[in-house]
Amino acid sequence: MSQSTVPCYTIINSTDLEVPNEMQLKQDLEKGDTNVKIETLKKVIQLLLNGERLSGLIMTIIRFVLPVQNHAIKKLLLVFWEIVPKTSPDGKLLQEMILVCDAYRKDLQHPNEFLRGSTLRFLCKLKEPELLEPLMPSIRACLEHRHSYVRRNAVLAIFTIYKNFDWLVPDGPELIANFLDTQQDMSCKRNAFLMLLHADQERALNYLASCIDQVNNFGDILQLVIVELIYKVCHANPAERSRFIRCIYNLLNSSSNAVRYEAAGTLITLSSAPTAIKAAAGCYIELIVTESDNNVKLIVLDRLIAMKENENIEKVMQDLVMDILRVLAAPDIEVRRKTLNLAMDLVSSRNISEMVLVLKKEVSKTHNVAHEDTGKYRQLLVRTLHSCSIKFPDVAGNVIPVLVEFLSDTNELAAADVLIFIREAIQKFPSLRNLIIGHLIEAFSHIKSSKIHRAAVWILGEYVNDKNQVLEVIEVIIQTLGEVPMVEAEQRRLAGDQTEEEMMNHRNNNSQPSQTNTNNSKVTSDGTYATQSAFSLAPISKKEKRPPLREYLMAGDFFIGAALSATLTKLALRYADMEDDAKAQNRLTTRVMLIMSSILHLGRSGFSSKPITNDDTDRIFICLRTLSERTKDVVQVFEHYCREALGKMLDAQYEEDQRVFREKQKAAAKVQPDDPVVFAQLSNGRENQLGENVFESSLNQALAGTKSNNLSDVTSPNNKLNKVTQLTGFSDPVYAEAYVNVNQYDIVLDVLIVNQTNDTLQNCTLELATLGDLKLVERPHSVVLAPHDFCNIKANVKVSSTENGIIFGNIVYDTSINTNVVVLNTTHIDIMDYIIPASCTDTEFRQMWQDFEWENKVTVNTTFTDLHEYLKHLLKSTNMKCLTPEKALSGQCGFMAANMYAKSIFGENALANLSIEKPIDDPDSKVTGHIRIRAKSQGMALSLGDKMSSSQKLAVQAS
């Protein structure tokens, strides 16, 4: 048998350091007891798998081991006869194999059904017709055996023999068809039907037509084969669809989830009718809801998402949005995320109101639920409701009251998303402004986060246009800020005096009876009463409760004070435009200025944990000066420019979203003039066109391998030639080069080995080792190379994380004189093969930047003189995506800061912040600065930093 057709087996590593010799093995097989024979037989099998040739043992095993009736020995012998070479060097069958054939004829007639079945399975693996021909009568007889285990393996044996050597069993399909009619066992019927499916489809179709009404009562293993048959037949002959499509409909109600899944997929490809699509999608949804395994849920969800990509199917699926939302009952956050995205893509004006009601119910379910993913789920619901309101403005009025409740939520991310929505809605929908402002004023005092308060204050200051609302907002702010001036109030609190707030609380509690006494009566151990005076008690320090805004200021967060000052300035200026009474104007202005000066005084008094910063001081002073001087240009900034800036930002976001959407549409609808014509459309017409055309898909696969004459394709980094690594020198006796093919979680090394000598190289072995999170799956097998011959050896390496790895090793070979070793060059596995660009929101980026503990700082050392060119080079060499908008990076100011983000195929996140500069007045100066990388794992941060450093060096060398 030639080297190329030798079967490949798994290599078992032996722990024995000493390899037993052939004489010792012979003695153990001849004279040992049953246990010794079992252990010796295992050693022989291991040696054969590792490439040893023990031809002298075959006769010993036939004489002393084959007659033994022990079941363990029988099982081991099946493995031994499968792997042992059965032919001589000239390709003729060994004479000893006649004796083996006779032994297995006896096993096929053995009364033990396990031995018969195991022998039949072994015969499926034999490739020598000379051995199989004498056994055919016994194999046929096994079809009539009383036990189903023997019968189903007999069918498999006949199937394999008919497929490989049909002349041994010319009446195989007829034999199995008769067998199928008489069988009741489902496993036997399944194997028989499978053979007819591949060997004689006409007989399989006749059998199916005869029992098509009973298909629902068949076992799931047989139903799966029936689905496969219908799929193949209907694609080969579309006219048969009407005959079998009802059967597929019935299988959607099978008790087996696997059958229902396959039947739904087949139904979509066979028919594009709305009823078929609804039935298949409904089956998928039911599978997701009833199946408990999250992996199955995600796989079926992906099928639904793939269905949506088809424009015709998408229109039908729009009516199934409410059914899809049933999947939200699943606890897994990834399942919920995909479900909400799918529902959002399919929702229409007909069912948006129903979808909003369901999302409202989901929001109410998340209250008081202690689960680690509850916060993330609430955030997903907020974003979905946000998208619903922007896409369908009619439902915004119903959504806003629900979302405003999130502002008092302890989950800051969900509350921040609500404010982003409110900011966009109040700008885009002027008719809803009064509603939004009313709800925002109600929720203002219940907000628990400084960031949320800051954004809410800005929105109130920008969009309140009514005189009464201005006064109401200022009252709410003062109520949330506490007594003013704040320094005097804090001094009284420190001295133990009652502040105005405490006095108000005391008055409110006067109506309640007092429950505290100055003297408390205690009972001693002997039963007598003792009196304890209140003056002898140690004072109990209670945590001082302050209003929320005051709490932030006392904690040293004076940024909220600066934002509050800007809002109060806007409100005072707007009130002055609406109020004609000069006294009322001045009264409000002085009240506002008192609050600002009180914040400044508190920041410098030392009462707060941190003093006020210079930036916040300057902003508050600008606000005070604006109110006192009323300069026209500055007033314009406060009254108009802020809102215009928000409008421009929202417009830029909308344009970016539309651009991405248009790019997707272009990619989906692109048809080249030289694309192949779909012949099935021309021959059968559109009514017979199936969901997936087998001819077209095979043609596309064939065309995928055609060579490109385009020079850019040849020089592309993704070209196969650019991934070839030279492992040895041209003058070495053995030349080797490797193509590194990265397939997600594993790497395939396709190594070309060329014998450059005039000698035959025996046992030429490729020995490899790895560094990093790489693991060699199996040792490559040895080969024999003729003079100036070559061969390809493949090695698999498993990858477990996103880190740079190194593969090294050598080639060992034997000549007629000695053993030689050629050391190989190291192969570096690039981290870029695992990293793909990704996007996230600014909030998520900041949160991950805060959570990730590993940071790597890379200094910029390059010959680039343009900031934008350096950024493009960095993005291209690291596969990262720039999150900073293009408009924010436009222009030349001598400085650039940009955020970059990427994700690995293992789900690891990589963040980077670029800060670079160059003098504007010197156009020839080089870009300087640094890049900060953050990741969850140390290896990711270090590997990405090394990649950035190496890309800079290559750019410097190229220049």
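Just so you know, these numbers use all the heavy atoms, side chains as well, and skip hydrogens, waters and symmetry mates.
Under the 3.5 Å distance criterion, the side-chain polar atoms of K297 are matched with a main-chain donor or acceptor of I288. Remark: side-chain polar atoms of R934 are not paired, donor with acceptor, to backbone N or O of E855 under 3.5 angstrom. Here the side chain of D866 pairs a donor or acceptor atom with the backbone of E869 at under 3.5 angstrom. With hydrogens and angles ignored, the 3.5 Å screen pairs no side-chain donor or acceptor of R326 with any backbone N or O of V289. With T384 contributing its side chain and L340 its backbone, the two residues share no donor-acceptor pair below 3.5 Å. Remark: the backbone N or O of A425 is not paired with any side-chain donor or acceptor of H386 at under 3.5 angstrom. When atom types are taken as modelled, the side chain of K391 and the backbone of M344 share a donor-acceptor pair closer than 3.5 angstrom. Between the side chain of T884 and the main chain of N899, a donor-acceptor pair closer than 3.5 Å is present.
The aromatic rings of Y870 and H873 sit tilted, their planes meeting at an angle between 30° and 60°.
To the nearest 0.5 Å, atom CD1 of residue I931 and atom OG of residue S949 are 7.5 Å apart. The line from CD of Q318 to CG of L320 is 10.0 Å long, rounded to the nearest 0.5 Å. Atom CG of L911 is separated from atom CD of Q847 by 11.5 Å, given to the nearest 0.5 angstrom. The distance from atom NZ of K428 to atom OG of S389, rounded to the nearest 0.5 Å, is 11.5 Å. Distance check: I477 CD1 to T567 OG1 gives 6.5 Å after rounding to the nearest 0.5 Å. Distance check: D323 CG to M317 CE gives 10.5 Å after rounding to the nearest 0.5 Å.
Of all heavy-atom pairs between C840 and L883, the closest is SG-CD1, 3.8 Å. For the pair M355 and L325, the tightest heavy-atom approach, listed with the atom from each and the gap, is CG-CD1, 3.7 Å. Residues L342 and K308 come closest through the heavy atom pair CD1-CD, 3.6 Å. The shortest heavy-atom contact between V335 and L301 is O-CD1, 3.7 Å. Of all heavy-atom pairs between H868 and L889, the closest is NE2-O, 2.6 Å. Annotation for K610 and F558: closest pair O-CE1, 3.4 Å, computed over non-hydrogen atoms.
Residue K448 places its NZ atom among more than 12 non-hydrogen atoms of other residues, nucleotides or ligands, all under 6.0 Å distant. Counting heavy atoms of neighbouring residues, nucleotides and ligands inside a 6.0 Å radius, atom CD of E309 exceeds 12 of them.
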(message) Would I426 and I437 count as a side-chain contact (heavy atoms from CB on, under 4.5 Å) here? Give the steps.
(response) CA-CA 9 Å; I426 206 170; I437 289 169; 4.1 Å; yes
(message) Applying side-chain contact (heavy atoms from CB on, under 4.5 Å) to I622 and T569, what does each step give before you reach the verdict?
(response) CA-CA 10 Å; I622 289 171; T569 304; over 6 Å; no
(request) Determine, stepwise, if the pair H439 / E405 fulfils side-chain hydrogen bond (donor to acceptor under 3.5 Å, both in side chains). (result) CA-CA 9 Å; H439 283 290; E405 294 177 10; over 6 Å; no
(message) Before you tell me yes or no, could you show the steps for L944 and I835 under side-chain contact (heavy atoms from CB on, under 4.5 Å), namely the whole-Å CA-CA distance, both residues' side-chain angles and the distance that decides it to 0.1 Å?
(response) CA-CA 10 Å; L944 199 54; I835 287 183; 3.9 Å; yes
(message) Checking D417 against Q379 for the side-chain hydrogen bond (donor to acceptor under 3.5 Å, both in side chains) test, could you report, in this order, the C-alpha distance in whole Å, the side-chain angles of both residues, the deciding distance, and whether it holds?
(response) CA-CA 7 Å; D417 283 337; Q379 193 178 358; 3.1 Å; yes
(request) Would you please test R383 and E844 for salt bridge (Lys or Arg N to Asp or Glu O under 4.0 Å) and show each step? (result) CA-CA 13 Å; R383 291 183 180 175; E844 291 170 342; 3.0 Å; yes
(request) Please step through side-chain contact (heavy atoms from CB on, under 4.5 Å) for the pair I933 and M948, ending with a clear verdict. (result) CA-CA 10 Å; I933 304 162; M948 289 182 178; 3.6 Å; yes
(request) Report the C-alpha separation of E462 and R643 in whole Å, then their side-chain angles, then the decisive distance to 0.1 Å, and conclude whether the salt bridge (Lys or Arg N to Asp or Glu O under 4.0 Å) test is met. (result) CA-CA 7 Å; E462 195 60 51; R643 193 178 303 187; 3.5 Å; yes
(message) For a side-chain hydrogen bond (donor to acceptor under 3.5 Å, both in side chains) check, start with the C-alpha distance between T613 and D616, then their side-chain angles and the critical distance, and finish with the verdict.
(response) CA-CA 5 Å; T613 63; D616 295 333; 3.0 Å; yes
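With 3.5 Å as the limit, one finds no donor-acceptor pair spanning the side chains of Y463 and R433. Checked by atom type, the side-chain pair N913/S915 shows a donor-acceptor distance below 3.5 Å. Side-chain atoms of D946 and S943 form no donor-acceptor pair, as typed in the model, at a separation below 3.5 Å. D557 and S450 share a side-chain donor-acceptor pair at under 3.5 Å.
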